[in-house]
Amino acid sequence: MPNTATAAKTPAVHQYDPPKRWPRPAIQALFDLPFLDLLWQAAKTHRAHFPPNRVQRSSLLSIKTGACPEDCAYCPQSGHHQTGLAKEKLLPIEEIVAAAKAAKARGASRFCMGAAWRSPRDADLPQIEATVQAVKNLGLETCATLGMLSAKQAKRLAQAGLDYYNHNLDTSPEFYPEIIGTRTYQDRLDTLENVRQAGMHVCSGGILGMGETQADRVGLLAALANLPTPPESVPINNLVPVPGTPLADAEPLDNLEFIRTIAVARILMPRSYVRLSAGREKMSDEMQALCFMAGANSIFYGEALLTTENPATDRDQQLFARLGLIPE
Ligand code: SAM
Ligand code: DTB
Ligand code: SF4
């Protein structure tokens, strides 16, 4: 007979499941609220933690485009898909600084540099470090999204003055393998931990409209909100379907469900900036107004995201004026 007394005493450390700030049923209950009750609660939470009517603006630049070794099903830059995207080398520092200056002149407060890498090569780091310093010297907040980072790489970037690192969880742990096969959810969590330990601000969110269920949206928000420290910045992207990617024909997500997800993100992460991210190009002013009401307080600003379009800055200026929003 097995010695059950001994077995019961053996601590199953690997199975230890720490208490969650936000258990999934509590998150599901928020999604189940009547739409207007949810929006009301999210707006109250937003106003309790942030001044109302403000929108932070981050501008993006793809500093190394295309031919990425990863197989992310949504991404036009993956070398696994035929999207006709021209493959480029890492841009020279002068070109990046010129784009950052232009972004600052348009009014952006943060400049985010994206590279289609699995992770940066150590040989590329000196140039990235010099670029971060130069962009910071312009008086901009700096952000980069370069793929996975080791603890050492994260420390180097932090020392160079990088304020934020973007690395998205993208979706729930359960749906994730349907979308990405070349790196695991745990790889992403490890990078976020390395960024946090290095003292940088964490920017992490996801993509909606990839064919995931509402339970997956609950799972994504649970993963973000239950991180040891929630991300300071949470980009919520609406899939931009790109021809040649496996998600080119994905069924668009219902607009109200997108807004609901923003509202739940706001309630779960009351002190985080929730960014209305990719997909704004196809959103009406009314849809964006409801997203701001639901607690979004940041956008990507400038005519391009990384490789796809974003609303023109004059259209955004008109939106701010129509809604009485103060851009930051
Ligand atoms: N290669 C780096 C990485 O994946 O960590 C950085 C760049 S990657 C393009 C940054 C994020 O953009 C992805 O995690 C994903 O959330 C978002 N993204 C990429 N393609 C998208 C699309 N077609 N629609 C919406 N969001 C997208
Ligand atoms: C994020 O969450 N969205 C941005 C930024 N972080 C790097 C990127 C959106 C990319 C959309 C597809 C493209 O333009 O290539
Ligand atoms: Fe590469 Fe990032 Fe695109 Fe994935 S999302 S294919 S890692 S550029």
Side-chain angles (χ1 to χ4, degrees), residues 58-81 83-88 90 110-120 124 128 143-149 153-154 164-171 175-176 179-185 187-192 194-195 202-212 220 224 231 233-250 252-253 258 265 273-283 296 298-311:
S58 289
S59 280
L60 281 168
L61 178 69
S62 180
I63 62 168
K64 193 269 155 199
T65 304
C68 183
E70 303 300 287
D71 66 353
C72 312
Y74 48 75
C75 186
Q77 302 203 66
S78 166
H80 296 253
H81 320 317
T83 57
L85 197 68
K87 146 184 177 187
E88 286 170 19
L90 181 58
R110 189 176 309 157
F111 190 67
C112 178
M113 297 159 271
W117 285 329
R118 173 171 168 81
S119 53
D124 290 317
I128 298 287
C143 176
T145 180
L146 317 170
M148 296 187 288
L149 290 187
Q153 291 175 323
Y164 286 79
Y165 195 80
N166 167 247
H167 197 63
N168 291 338
L169 291 180
D170 277 345
T171 189
F175 190 61
Y176 182 91
I179 301 296
I180 296 142
T182 48
R183 61 162 79 120
T184 66
Y185 213 75
D187 289 332
R188 291 189 183 244
L189 292 169
D190 291 347
T191 291
L192 294 181
N194 291 339
V195 169
V202 170
C203 172
S204 187
I207 313 185
L208 312 184
M210 299 194 293
E212 77 284 349
L220 165 67
L224 292 167
S233 161
V234 181
I236 305 291
N237 297 278
N238 204 1
L239 177 73
V240 178
V242 177
T245 63
L247 295 181
D249 299 317
L253 184 67
F258 184 89
Y273 278 83
V274 174
R275 182 170 308 111
L276 180 53
S277 301
R280 282 201 308 119
E281 175 72 359
K282 288 208 186 120
M283 292 179 196
S298 169
I299 56 168
F300 284 123
Y301 181 69
E303 323 222 314
L305 292 165
L306 291 174
T307 67
T308 64
E309 288 180 356
N310 199 39

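Just so you know, residue 1 is the first one in the sequence shown, and it goes up from there. Order of listing sets the numbers, starting from 1, for every ligand and every atom in it.
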Nearest 0.5 Å please: distance from the [atom1] atom of [X] over to the [atom2] atom of [Y].
| X | Y | atom1 | atom2 | result |
| --- | --- | --- | --- | --- |
| Leu85 | Gln77 | CG | CD | 6.0 Å |
| Asn238 | Met210 | CG | CE | 10.5 Å |
| Ser59 | Glu303 | OG | CD | 10.0 Å |
| Arg110 | Arg275 | CZ | CZ | 5.5 Å |
| Tyr273 | Ser233 | OH | OG | 10.0 Å |
| Asn168 | Thr191 | CG | OG1 | 12.0 Å |

Assess [X] for proximity to ligand 1: is some non-hydrogen atom of it under 4.0 Å away?
| X | value |
| --- | --- |
| Ala115 | yes |
| Arg183 | yes |
| Gly114 | no |

Item to check | Lys/Arg N to Asp/Glu carboxylate O, Lys64 vs Asp124, below 4.0 Å | outcome: no

So, do [X] and [Y] sit near enough that their side-chain heavy atoms are less than 4.5 Å apart?
| X | Y | answer |
| --- | --- | --- |
| Phe258 | Ile236 | yes |
| Thr145 | Leu60 | no |
| Ile128 | Leu90 | yes |
| Leu247 | Ile179 | yes |
| Leu306 | Thr65 | no |

Counting non-hydrogen protein atoms only, what is the nearest one to [atom]? Give residue, atom name and distance.
| atom | value |
| --- | --- |
| atom 20 (N) of ligand 1 | Tyr74 CD1, 3.4 Å |
| atom 5 (O) of ligand 1 | His167 ND1, 3.4 Å |
| atom 24 (N) of ligand 1 | Val240 N, 3.0 Å |
| atom 27 (C) of ligand 1 | Ile207 CD1, 3.7 Å |
| atom 11 (C) of ligand 1 | Asn168 ND2, 3.7 Å |
| atom 6 (C) of ligand 1 | Thr145 OG1, 3.0 Å |

Checklist outcome for this item: Counting from 1 in the order shown, the ligand 1 atoms closer than 4.0 Å to a non-hydrogen atom of Asn237 are 16 (O), 25 (C), 26 (N)

Checklist entry - Counting from 1, what ligand 1 atoms have a heavy atom of Leu239 closer than 4.0 Å? => result 24 (N), 25 (C)

Checklist entry - Hey, is ligand 1 close enough to Asp170 that some N/O pair sits below 3.5 Å? => result yes

Checklist outcome for this item: Judged by heavy atoms only, the candidate from Gly147, Pro235, Ala116 nearest atom 2 (C) of ligand 1 is Gly147

Next on the checklist: Within the 3.5 Å criterion, strictly below it, is a donor on Asp187 or Thr184 matched to an acceptor on the partner's side chain?
Outcome noted: yes

Item to check | Exercise: do Tyr74 and Asp170 side chains pair donor with acceptor under 3.5 Å | outcome: yes

Checklist entry - For ligand 1, which part of Leu306 has a heavy atom less than 4.0 Å away: the side chain, the backbone, both, or neither? => result side chain

Checklist entry - Is a side-chain donor or acceptor of Tyr165 paired with a backbone partner of Leu146 at a separation under 3.5 angstrom? => result yes

Checklist entry - Quick check: does any side chain N or O of Asn310 sit under 3.5 Å from a backbone N or O of Leu305, one acting as donor and the other as acceptor? => result no

Item to check | In the protein, N/O/S atoms that are found under 2.8 Å from atom 4 (Fe) of ligand 3, waters not counted | outcome: Cys72 SG

Checklist entry - Counting only heavy atoms not in Glu88, do more than 12 sit closer than 6.0 Å to its CD atom? => result yes

Next on the checklist: Tell me the contacting part of Arg183 for ligand 3: side chain, backbone, both, or neither, using a 4.0 Å heavy-atom threshold, strictly below.
Outcome noted: side chain

Next on the checklist: Protein non-hydrogen atoms only, distance under 4.0 Å: does atom 2 (Fe) of ligand 3 have such a neighbour?
Outcome noted: no

For ligand 2, what N or O to protein N or O distances fall under 3.5 Å?
unit_1	atom_1	unit_2	atom_2	d
ligand 2	2 (O)	Asn168	ND2	2.8
ligand 2	2 (O)	Asn237	ND2	2.8
ligand 2	3 (N)	Asn237	OD1	3.0
ligand 2	6 (N)	Asn166	OD1	3.3
ligand 2	14 (O)	Leu306	N	3.0
ligand 2	14 (O)	Thr307	N	2.8
ligand 2	14 (O)	Thr308	N	2.9
ligand 2	14 (O)	Thr308	OG1	2.8
ligand 2	15 (O)	Thr307	N	3.1
ligand 2	15 (O)	Thr307	OG1	2.6

